[in-house]
Each structure stands twice: as structure tokens, then as C-alpha cells.
Amino acid sequence: MGSMGEGELSEELEFAWGRKSGRGGLNKGCQFYKSFRYDGLEYLLYDCVYLYKDGEPEPYIGKIIKIWEHYDRSRKVKVLWFFRPCEISNYIGDEVKVVENELFLASGNGVGLTNINPLEAIAGKCYVICTSKDRRNIQPSDEEVQMADYIFYRTFDVKQCKIIDEMPEEISNIDITFLLNQMPLQRPGSNIGAFQKPAGNVDALQKPGSIVDSPQKPGGIVDATVVPSDKNLPKENPAVKTDQTCNELDDRPSKKAKLHSSYESKDCIQKVRLISDGNDTKCLELKLDSSYKSKDCIQKLRIKSDGDDTKVLAPTAPYTDDAKVSAPSKKRMPNEKTTMVSDGKLTKESAIWSQHQNHKIDGPELEVTRRPQADKSKWFAEVGSWEDRLRYAHQQGRLVLLQNLDPAYTSAEVEDIVHQGFNESCKAKMIQRTAFSSPHSGQAFVVFNTRQTAEAVVKKLEEGCLLLSNERPLLGKMGTPCFPEKKPKFFGHIVIDKLRSQMPREMKDAISTSHCSQPNTLEYDMALEWCLLRERLDLALKRFYKEQGLQMRKLMGKLKSKKSLRL
Amino acid sequence: MGTSAEAEYAAFEDKVKRTVYIDNLSPQVTESVLQTALNQFGSVKSVQFIPNYLGPSNLAKCALIEMEHAKQVEGVILAATESPFMISGMPRPVRARRAEMEMFDERPAKPGRKIVCSWMKPNDPSFADAMQLKNFAKKSFAEADLLLEKQLQEEEKLAHQQQDTLKTNYKKYEMIDALLADGTARRLARRYNMNVADD
């Protein structure tokens with residue numbers, strides 16, 4: 001993101017309206033626009049954007065379908081939502097295959113289709129490509145699909161709660177051609193071509209008066225009626241009420257409020273159960289929570305009035321400034337919700353818990369048992385692929401790398417150890433061994449609920465010493481995962497470009513898969529060079545790990561014998 | 001419950017035996033490429049790439065390939081060790097090994113294993129020893145990372161070296177070709193009274 005504001009709210013961020021398109025609304029009080037410039041980026045009608053809401057682990061993704069300035073000078077955008085597969089996982093049958101970066105465009109009529117949001121809730125552009133084979137869709141090239149952050153080719157009907165393969169004629173009174181790929185394709189940060197879009201008769205295609213007719217009228221007051229589902233977000237509500245600058249939060253109509261109401265109550269019960277299944281110290285914590293909460297709010301407000309921290313809207317730092325990122329109006333999904341609601345609690349718990357810690361866990365050896373199942377089912381409902389979750393957890397500082405585990409431990413056992421040792425829930429995954437990894441100690445990535453928990457765990461491991469079976473001290477540090485690059489480098493496969501151009505066509509088109517090299521070729525000689533190098537490195541690695549194993553056993557043995565002497 | 005866990009574990013052990021681990025793979029290798037490559041040794045049941053979340057990011061890919069019989073695994077390993085076996089590219093061959101349990105993503109816990117954990121008191125007499133062990137483990141991980149980085153560097157070096165050699169060789173052959181084609185070779189032979197086989 002280009003400029004960073006340094007004051008109250010979005011006013012500090014660069015902003016300029018683009019092309020006007022018409023007036024409408026009550027007494028023609030609203031000025032509609034086709035584009036605007038915000039925080040260094042040009043946004044056009046039908047661009048896809050990220051919208052952040054504080055406390056949410058993942059940004060929402062939507063398509064801007066209307067831009068206007070309200071008669072009270074507030075800037076609004078109407079957003080047609082995309083659903084992540086995890087958000088509607090309950091409605092995706094087992095037989096439906098979902099691509100990793102697939103989204104579903106909202107369709108049909110009902111809650112969750114669109115929302116009106118403050119323009120400032122936009123946190124950046126998102127590059128979404130429609131891969132539908134629909135004839136109205138301009139087919140994207142492979143490269144475009146490769147570059148895209150997300151793709152979509154199906155819609156999710158919010159009324160029927162069903163995935164629909166065909167594109168409808170129109171969604172939310174907007175002709176479908178505007179929602180599919182357009183000429184020129186939108187690209188993140190592409191400012192050129194911004195005004196070349198065939199946006200000419202956009203508004204003509206929308207039914208007259210659609211804004212006024214839409215279920216969510218512009219303005220915060222009306223939307224407040226749809227809020228009930230947010231009642232059980234105690235952490236936020238006070239802040240919303242008292243915080244004037246944050247009044248965008250008010251128009252937080254619930255996306256899919258109806259669909260999930262049953263879930264929410266269930267989650268609540270579960271949450272309570274979870275908290276009560278510990279010992280009595282937990283009750284204490286529960287009480288303390290509330291006091292913490294109000295403190296939290298006050299703190300938030302103070303930060304506000306200080307007004308000297310910068311506004312960060314970049315997608316990489318959704319958490320850094322939770323008070324200020326305006327809330328897009330979209331209700332969280334049930335599984336996310338539990339995590340969220342618990343967020344505040346868990347943090348506090350850990351804070352208090354660490355005080356109790358010393359005399360609570362010290363001393364006796366605890367056998368690691370299965371964690372209570374209650375939190376397993378919903379708390380960490382599988383959301384997205386593990387890689388995505390690693391990425392988000394890393395961005396938000398919730399990722400911890402545990403080291404020096406027994407390599408034989410399974411992911412579930414690591415979760416149990418964390419539960420036993422820290423009394424925290426987490427999602428863990430052992431790093432799979434390869435020929436390069438140490439045979440003596442395993443590592444695991446662990447995703448915690450909140451950044452505070454993660455940091456507390458790392459700190460405790462740094463200062464204290466959690467001994468696992470066989471006198472093995474656990475190590476922990478904040479995780480920095482490495483992700484495959486788009487164009488990974490690989491050494492050792494050589495192609496002579498000139499030769500290729502001389503090859504007969506059949507040979508060029510043929511895809512070579514595999515072969516054993518014959519001893520009388522140049523290729524064979526080179527291959528042997530590779531084998532030699534590999535053996536050498538292998539030997540080095542083996543010797544290194546052998547040495548490591550010896551040392552470790554020696555140190556562990558020392559520890560063990562001392563212990564047994566005392567007993 | 002106990003017996004079903006044991007049965008699951010036994011089934012998993014069997015699966016491990018039927019699986020071959022292959023590394024030094026190019027990032028362009030896909031599941032289907034591996035499948036066709038190893039189908040010559042027996043039928044491939046499943047292919048799973050091992051993600052590399054710890055880096056370095058340019059480390060060659062590795063995969064687990066489950067075959068139908070444990071014997072076929074031996075076949076793959078034998079073929080790949082006796083002569084350089086290449087998959088979708090040359091001259092860097094792939095390496096095949098027996099799979100190990102810890103390489104798998106989803107695996108059942110060993111039945112009957114008990115894990116204990118305890119926080120050591122800072123005033124415990126052996127606390128210092130434990131800390132020493134911790135530091136040693138930390139150091140080992142750092143060293144292992146370094147070793148891998150070094151390995152990548154060596155690989156890059158060899159790749160460049162080979163590329164250069166190949167280029168030079170190619171240039172040489174091209175030059176000879178050109179000399180033969182435009183008759184320079186024959187002219188020179190006549191000039192120096194030498195016999196050049198004309199084939």
C-alpha cells in the first residue's frame with residue numbers, strides 16, 4: 001500500500017473520486033461513481049476487493065457493484081460477496097470437488113448476497129478470475145489463471161443454499177456480463193486501462209431505483225435491525241457503541257444471519273462447556289474475563305484518541321490495528337465465530353494461567369492424555385488447506401514451530417502435548433520427514449487461536465523447560481514457513497535451446513517422462529557427476545546427524561542419571 | 001478399541017512397506033508424470049508430494065509413491081540405484097529409497113505409547129543440564145539448515161558447470177559441422193595433402 005495515514009481515520013489516506021455516473025437515492029441525494037482512487041490504488045466498478053473486519057482471521061472478498069457518496073458525505077460501496085469454500089462447507093456435498101483457490105459468487109436473493117459497506121473498509125484489490133465456460137464469459141488465458149489470487153466458476157445461491165453450476169442471467173439486478181471477466185482484465189495495481197472499461201451504460205442495465213428498493217437501505221440505522229446475531233460478540237459491542245469514529249461498524253448487517261442462527265446457539269453452549277470442563281480456576285478466569293474486556297475497550301478508545309498510530313490496511317497485516325480497520329458488514333461463519341468469540345477469552349486465560357502455572361504444573365509428571373473432544377469438532381473446524389492456514393496464521397503471528405519432538409509423534413499427539421503442557425487448544429501438524437531431515441528430532445507447526453497465546457507459549461518454552469518422554473526438552477519459536485515459489489528454481493536439468501528448434505515436430509511435442517540412462521552417453525557421465533555429489537552430501541549429512549545423535553544421547557543420559565540418583 | 005487401533009497401525013505399517021520415497025525431483029514433475037514413470041515397475045496406487053514448509057525453498061521436491069506390492073518398491077529402488085533414472089529432465093537423476101513412517105502426513109499413533117511431559121523447576125539441580133540440551137538441539141537445527149543451504153549451493157554450482165561444458169561441447173560440434181558443410185575441411189585437407197574420409 002502506498003501511503004500510510006497517520007491520524008484519526010481514513011481521511012488521511014489518499015482518496016479521490018473518479019468518473020461520475022449519475023445521481024439517485026432519496027431526493028437524488030446520492031452521487032454515483034464509476035471509479036475512485038484510494039490509498040494509491042484505482043478502484044473501478046466490478047473490481048474485486050478484500051474487506052477486513054477486525055478480529056477476523058481472513059479477509060472477505062467481494063465485487064464492488066455500486067459506488068456512491070451519500071448525502072451525508074459518507075462514501076459507500078455495495079459489495080456482492082464471494083464465499084470461500086470453507087464458509088459454505090456445510091452446503092458443499094462430499095461429491096463436489098473444490099479447487100484450492102476457488103470462490104463461489106453469491107447469487108439468488110436473500111441475506112448474504114450483497115451488503116453496503118463504508119468505502120474505507122476496502123483493504124486492497126483481489127485478483128479474481130472467472131473460469132466459467134459460459135459463452136458470455138471472456139475466457140482467461142492460462143497465465144491469467146495462474147496469476148489469479150482466486151478463481152470462480154460456480155455460484156452459491158444464498159436462498160436455496162445450493163451450489164449452482166450455471167451462471168444466471170443477472171445477480172442483484174446486475175447483468176451477468178459485468179460480473180464475469182471483462183476487457184481488459186482487472187489486475188492488482190493496474191492503473192492503466194482504468195477508464196477504458198466499457199462502463200458506459202452500466203447503470204442503465206440496473207433496474208431503476210434498485211438502490212432504494214434493495215433490502216438494505218443505505219445508511220447505518222436501517223441495517224442495525226439485522227444485527228441480532230452479533231449479540232454474542234461481547235468483545236466488540238462496547239467498542240462499537242462508544243467509539244464514534246468507528247461508527248461504520250454499525251451497519252454490520254449479518255451476512256447469512258438466518259442460515260446459521262441454529263449454529264450459533266450450539267457454539268455458545270459448546271464454548272461454555274469448554275470453559276467449564278477444566279478445574280475451578282477456570283471459573284475464576286471467566287469472571288476475570290469480563291473485567292479484562294472492559295479494560296480492553298478503554299484501551300482501544302485511548303489508542304483512538306491518541307491518534308498517532310498508522311492505519312494499516314495491507315492484507316499482510318490485518319491484525320496490527322484492529323480498532324481502526326473499518327468493519328465490512330458481513331457476518332462471520334459459524335466455525336470462525338467460535339474461534340473469534342473465544343479469542344478474547346483464551347488470551348486472558350493464558351495471561352492468568354501463566355501466573356498460576358508455576359505451582360500448578362511444576363513437579364509431577366503428567367501423562368499426556370487425549371484432550372477433551374468438545375473443542376476438537378468445532379473449535380478448529382478444518383478451514384481451507386493446511387497451506388492456506390499456515391499462511392494466515394503466520395501473517396497473524398499465531399504460528400509456532402515446535403522443535404526437538406520425538407519424530408515418531410503424530411500430529412494429534414503433538415496437539416495433546418500442547419494441551420497438557422500449556423492447557424491451550426491448537427492445530428498441529430508434524431513436518432513430514434524427508435531424506436534431509438534429522439532422524440533424532442522432529443518438528444511440528446502449531447497454529448494457535450491468537451497471537452498472544454502463541455507468544456506466551458514461545459516465551460514459556462524459552463524460559464522454562466518442558467521435558468517430554470525420554471528427557472527430551474521441547475523447543476519452540478515463532479514459525480516462519482516457507483512456501484513454494486511460483487517459479488521454483490531447480491538445478492540440474494539442462495536443455496539446449498538451439499537443439500530444440502532443430503528437433504522434428506513430433507519430438508518437440510512429445511513429453512519426456514522417464515528413462516534410465518545408458519552408459520555410453522554424455523548424459524550418463526553427467527548423471528554420474530550428480531550421483532557423486534549426492535553421495536558426498538549424503539555422507540556429510542549422515543555424519544552430522546550421527547554426531548548429533550551421539551551428543552544428544554549423552555546429554556539425555558546425563559539428565560536421566562541425575563534424576564534417578566535423586567529418586 | 002485397542003484392537004482396532006492395532007489393526008489400523010498394522011495396516012499403516014503395511015502401507016509404508018509398499019511405498020517408495022523419491023527425491024531430487026524437478027518442480028515440474030506432477031502426480032501423473034510420477035505415475036507413468038513408476039507404472040513400469042508395477043501399478044501405482046497413490047502419489048503424494050511431501051510439502052517443504054521449512055525451506056530452503058529451492059530444495060528439490062520429494063514424493064511418496066504407494067505401489068501395489070512391497071516387491072515392486074524393491075524393483076524401483078534397484079532400477080534407480082543401478083543406473084541413473086531420470087524423470088522429466090536430464091541429466092540429474094532421481095533417488096529412490098524405502099519410505100519411512102515419519103514421512104507420512106496422516107499416520108496413526110503407535111498403540112500403547114505413553115507420552116509424559118513435565119515442567120522442570122528452575123531450581124532443579126539438573127535444570128542447567130536440560131538447558132544445555134535445549135541449546136544443543138537449537139544449534140543442531142541451525143546447523144542442519146546451514147548444511148542444506150550449502151547443499152543447494154553445490155547443486156547450483158554443478159548445474160552451471162555442466163551447462164557450460166555442454167554449451168562448449170555443442171559449440172565445438174557445431175563448428176565441425178559447419179566446416180564440413182561449407183567445404184572448408186576438404187579444402188584444408190587438399191592444402192595439407194591429407195586424406196579426409198568423406199562420410
Side-chain angles (χ1 to χ4, degrees), chain A residues 361-362 365-368 390 403-404 407-408 410 412-413 417 420-421 431-436 438 441 445 464-469 473 475 481-482 485 488-494 496 512-517 523 526-527 529-531 533-534 537 541 544 548 551 555-556 558-559 562-563, chain B residues 23 26-27 33 36-37 50 52-55 57-58 60 62 79 83-93 95 97 100 102-103 105 107 109 114-121 125-127 129-134 136-138 140-141 144 147-148 151 154-156 158-159 162-163 166 170:
Chain A
I361 281 189
D362 241 0
E365 281 200 348
L366 298 168
E367 188 184 314
V368 174
L390 273 186
Q403 295 181 309
N404 207 24
T410 64
E413 280 170 325
I417 289 169
Q420 197 72 48
I431 304 282
Q432 288 165 260
R433 178 192 283 181
T434 64
F436 311 113
S438 162
S441 43
F445 271 125
C465 186
L466 182 65
L467 281 186
L468 303 178
S469 305
L475 288 180
C482 143
E485 289 162 26
K489 268 189 245 157
F490 181 71
F491 308 116
H493 281 179
I494 303 175
I496 301 174
S512 84
T513 52
S514 62
H515 64 282
C516 276
S517 196
E523 179 202 63
M526 290 171 134
E529 278 176 18
W530 276 102
C531 291
L533 176 70
R534 210 173 50 197
L537 294 170
L541 213 59
F544 169 72
Q548 183 199 352
Q551 283 279 341
L555 287 168
M556 279 172 172
K558 201 164 136 198
L559 207 62
K562 266 198 186 172
K563 236 181 169 181
Chain B
D23 64 1
S26 144
V33 169
T36 33
I50 299 181
N52 168 22
Y53 292 133
L54 285 175
S57 61
N58 281 330
C62 33
S83 61
F85 186 57
M86 288 159 204
I87 297 181
S88 91
M90 50 147 254
R92 183 174 175 180
R95 169 173 63 175
R97 283 184 172 185
E100 290 158 43
E102 289 79 21
M103 291 173 172
D105 184 21
R107 56 196 148 101
K114 284 204 173 101
I115 304 171
V116 289
C117 67
S118 63
W119 285 94
M120 198 178 231
K121 278 186 211 131
S126 41
F127 190 75
D129 290 326
M131 281 311 212
Q132 196 190 347
L133 190 51
K134 252 171 82 169
F136 174 75
K138 225 182 272 178
S140 299
F141 278 112
L147 215 61
L148 287 184
Q151 171 174 348
E154 296 248 354
E155 283 173 5
E156 189 173 2
L158 181 60
Q162 290 193 340
Q163 182 89 58
L166 203 66
Y170 185 69

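Every heavy atom of this structure was used, including side-chain atoms; hydrogens, water molecules and symmetry mates were not.
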Using a 4.5 angstrom heavy-atom cutoff, name the option from Ser438(A), Pro407(A), Cys531(A) with the most pairs to chain B. Pro407(A)

Mind ranking Ile50(B), Leu158(B), Leu147(B), Asp23(B) by heavy-atom pairs under 4.5 Å with chain A and telling me who comes out on top? Leu158(B)

If you round to the nearest 0.5 Å, how far is CD of Gln420(A) from CH2 of Trp119(B)? 12.0 Å

For a 4.5 angstrom cut-off between non-hydrogen side-chain atoms, does Phe127(B) reach Cys465(A)? yes

Rounded distance [0.5 Å steps], CH2 in Trp530(A) versus NE2 in His493(A): 8.5 Å

Honestly, the part of Ser441(A) sitting under 4.5 Å from a heavy atom of chain B is both

Using non-hydrogen atoms and a 4.5 Å limit, figure out which bit of Leu537(A) sits close to chain B: side chain, backbone, both or neither. side chain

Select one option (side chain, backbone, both, neither) describing which atoms of Phe85(B) are under 4.5 Å from chain A's heavy atoms. both

Candidate pair Arg92(B) and Gln162(B), rule side chain to side chain contact (heavy atoms under 4.5 Å, CB included), full reasoning: CA-CA 10 Å; Arg92(B) 183 174 175 180; Gln162(B) 290 193 340; over 6 Å; no

Could you tell me which portion of Leu148(B) (side chain, backbone, both or neither) has an atom closer than 4.5 angstrom to a non-hydrogen atom of chain A? side chain

Could you work out, with side chain to side chain donor-acceptor pair (under 3.5 Å) as the rule, every residue matching Gln432(A), not counting sequence neighbours? none

Let me know if Leu390(A) has heavy atoms under 4.5 Å from chain B in its side chain, its backbone, both or neither. side chain

Side chain, backbone, both or neither: which part of Tyr53(B) has a heavy atom under 4.5 Å from chain A? both

Considering residues at least two apart in sequence or located in another chain, which fulfil the side chain to side chain donor-acceptor pair (under 3.5 Å) criterion with Glu154(B)? Arg536(A)

Taking the side chain as every heavy atom from C-beta outward, state whether Asn58(B) and Phe490(A) have any pair of such atoms under 4.5 Å apart. no

Contact leader toward chain A among Glu155(B), Arg97(B), Lys138(B), where contacts are heavy-atom pairs under 4.5 Å: Glu155(B)

